[in-house]
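Some notes on the structure that comes next.
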Amino acid sequence: MGALRLVLGDQLDPGLSALDAWAPGDVVLMAEVAAEATYVPHHPKKIAFVLSAMRHHAAALAAAGFAVDHVRLDDPGNSGSLRGEVARAVRRHGAHRVIATEPGEWRLAADMAGWAERLGVPVEVRPDRRFLCSQEEFARWAEGRRQFRMEHFYRTMRRRTGLLMTPTGEPEGGTWNFDADNRKPLPRDAAAPEPLRFAPDRETWAVLALVSRRFGSHFGDAEPFWFAVTRGDAERVFAHFLATALPRFGDHQDAMRAGAPTLFHSVCSLYLNVGLLDPLAMCRAVEAEWRAGRAPINAAEGFIRQIIGWREYMRGVYWLGMPDYAASNALEAEGRLPALYWTGDTDLRCLAECIGQTRREAYAHHIQRLMVTGNFALLLGVEPRAVEEWYLAVYADAFEWVELPNTHGMALFADGGRLASKPYAASGRYIDRMSDYCGACRYDPGRAEGEGACPFNFLYWDFLARQRARLAGNPRMAMPYRNLDRLAPGRLATMRRQAADFRRRLGVEP
Ligand code: FAD
Ligand code: DLZ
Ligand code: SF4
């Protein structure tokens, strides 16, 4: 009779708080359950990644001396839910209490709050130390601020961690943020490195067969499967990134290229989010590359900002605001999500590239998510919940604490500016500048009306006109509204008609 220590599929860290003060007789429970794969229809590659990484972590914990009870998806009697598996394990082991680490999604935290009563044993939920800023610290930082700005939070985190700081407390390089140096398009002939890939081992092949049998109808290809599924291999991925991509990460952070999904990105978010990599250790390693002269400051600062800035900020906004945060809909977007998000069937080449790549790899980098698929949904006025479900389902790194603020706040502006100072709405010209997608597209990014006009263009002007009452007063939107007002009224009316037809054809409007 001991404690049952719950380790979830995104808590694969041997230093997890749920394992603190281990005592003889305690048992770790890890449970593969159908409900976690289907509450949204997760991409098969993501499910295979999580399940295989869970199995490898369970083996590593057992080898380190922990008693581990790992319930497999196809074990007879598997109840299909986390609550059901915890209840069965409490009975199986005669556990007198349950110890967990706070989960990454509000829905599970809310469910856990009722576990003690249902199970008849105390349930202790401990803080998650894998983040640099606790929920309480973020709440203190947020106190008294009506609007949050990542930049202010980021500076606090730089000072606290000492990352890229001089001995006298100034930012290295003389400025806090090199964002302006992170927007260079990629020259046509520039070579980009490939991320490190791994062949599946026997356990991963078994998981792939299981996933194909149980979840093969979900959007996405499980194979070829090349993700790391152990801590050691995830560390190799990161070391490979440092050696091959970090030096140019800064310059081309916002660039997109057809057929090159990862460019100079790390493809580490999935490993970080399930606990196979440690955020602070990664940032220290990146800083060391800069100090050794192997990476420029705009690359090191840009990467560190994503991790101690954006990543922690998103988590803070999520936990502070939930569940109300998810319910907001500041732009009153009520449209339906076009089927093309799930089929990839579209002649808009930028969308076809990003969605096709997402289907194959369960991966897209930030600008693809924000400025192509996210921007399109924003301009169309799609209902936030449907967009969020898509992002949560299709990316291997998607867990609601980070997916929701990125989608709801950053991409859709559905929080009315709590998280970002303006909507990231852009026309086809932006996509043309930052990618090579438009060259082979049937639409022309230089045209905004008539046959062959890029839909992002007429949708952009239609969006601004439609949202004038809500957005025109925002100082950061002054320039777009000045440009809108310069359009001849007849031209704007034509574009708005074209936008309305387009939205109807896509099924956004009934
Ligand atoms: P890199 O470009 O190499 O960046 C390094 C690391 O910084 C990433 O691994 C990630 O941990 C962190 N990071 C970068 N940008 C962000 C950000 N905006 N928020 C939080 N962390 C960031 N990221 C997720 O981890 N899970 C999600 O579900 C998710 N959903 C998103 C949805 C939308 C609509 C948008 C616009 C962004 C979303 N992001 C999400 C953020 C970002 O797109 C991914 O973190 C990034 O693309 C992962 O690829 P990478 O590891 O190659 O990143
Ligand atoms: C994403 C996922 C999947 C697909 N499967 C499981 C699972 O079988 N067992 C488990 O413990 N966790 C899984 N996860 C991760 C959970 O969805 C995640 O822990 C919660 O969403 C909280 O972040
Ligand atoms: Fe996308 Fe427009 Fe460029 Fe085509 S022309 S790829 S639709 S931005």
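We count ligands from 1, going down the list as the structure has it; atoms in each ligand are counted the same way. Along the sequence shown, the residues carry numbers beginning at 1. Bear in mind the structure is a predicted one, so any value in this text is a computation, not a measurement.
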Using a strict cut-off of less than 4.0 Å between a Lys/Arg side-chain nitrogen and an Asp/Glu carboxylate oxygen, indicate whether D436 and R188 qualify as a salt bridge. no

D221/R359 salt bridge by N-O under 4.0 Å criterion: no

Nearest to [atom], what protein heavy atom do you find, and at what distance?
atom: atom 1 (C) of ligand 2; value: F399 CE2, 4.0 Å
atom: atom 10 (C) of ligand 2; value: G9 N, 3.4 Å
atom: atom 2 (C) of ligand 2; value: V50 CG1, 3.7 Å
atom: atom 9 (N) of ligand 2; value: A31 O, 2.7 Å
atom: atom 5 (N) of ligand 2; value: E36 CB, 3.5 Å
atom: atom 8 (O) of ligand 2; value: V33 N, 2.8 Å

At a 4.0 Å threshold, what atoms of ligand 2 neighbour a non-hydrogen atom of [X]?
X: L82; answer: 11 (O)
X: E105; answer: 21 (O), 22 (C), 23 (O)
X: D10; answer: 18 (C), 19 (O), 22 (C), 23 (O)

Below 4.0 Å from ligand 2: does a non-hydrogen atom of R107 turn up there or not? yes

Min over W310, Y271, Y424, Y395 of heavy-atom distance to atom 16 (C) of ligand 1 lands on W310

As a check for students: among L404, N406, T407, identify the option with a heavy atom nearest to atom 19 (N) of ligand 1. N406

Please state which part of [X] comes within less than 4.0 Å of ligand 1, counting heavy atoms only: side chain, backbone, both or neither.
X: F241; value: neither
X: T373; value: neither
X: D397; value: both
X: M314; value: side chain
X: A364; value: backbone

Under the ring pair (Phe, Tyr, Trp, His ring centres under 6.0 Å) rule, collect the residues that match up with Y39, sequence neighbours excluded. H42

Hey, would you say the [X] and [Y] ring centroids sit under 6.0 Å apart?
X: F303; Y: F249; value: yes
X: F227; Y: F225; value: yes
X: F219; Y: Y341; value: no
X: W141; Y: F153; value: yes
X: F399; Y: Y318; value: no
X: W106; Y: Y325; value: no

So, does [X] sit close enough to ligand 1 that a heavy atom of it is under 4.0 Å from the ligand?
X: Y313; result: no
X: C268; result: yes
X: P405; result: no

Test side chain to side chain contact (heavy atoms under 4.5 Å, CB included) applied to L459 and Q498, step by step: CA-CA 8 Å; L459 288 173; Q498 198 162 351; over 6 Å; no

Find all atoms of ligand 1 within a distance of less than 4.0 Å from any non-hydrogen atom belonging to [X], and give their numbers and elements.
X: N273; answer: 24 (C), 25 (O), 26 (N)
X: R311; answer: 11 (O), 20 (C), 21 (N)
X: V402; answer: 20 (C), 23 (N), 24 (C), 25 (O), 26 (N), 27 (C)
X: H365; answer: 47 (O)
X: H366; answer: 18 (N), 36 (C), 37 (C), 41 (C), 42 (C), 43 (O), 47 (O)
X: H265; answer: 1 (P), 2 (O), 3 (O), 52 (O)
X: L370; answer: 36 (C)
X: A398; answer: 27 (C), 28 (O)

Just checking, any donor-acceptor pair under 3.5 angstrom between side chains of Y363 and S269? no

Would you say E85 and S79 are linked by a side-chain donor-acceptor pair, where the criterion is simply a distance under 3.5 Å? yes

With atom 3 (Fe) of ligand 3 as the centre, enumerate protein N/O/S atoms below 2.8 Å in chain and residue order. C438 SG

Classify the ring geometry between H252 and F264 as parallel (under 30°), tilted (30 to 60°) or perpendicular (over 60°). tilted

Would you call the rings of Y395 and W390 parallel, tilted or perpendicular, where under 30° means parallel and over 60° means perpendicular? perpendicular

Nitrogen or oxygen atoms of S266 and ligand 1 under 3.5 Å apart: yes

Within this structure, what is the CD1-SG distance for the pair I431 and C454, rounded to the nearest 0.5 Å? 6.5 Å

Where does M54 meet ligand 2, judged by heavy-atom distances below 4.0 Å: at the side chain, the backbone, both, or neither? side chain

Determine whether the side chain, the backbone, both or neither of L51 has a heavy atom under 4.0 Å from any heavy atom of ligand 2. side chain

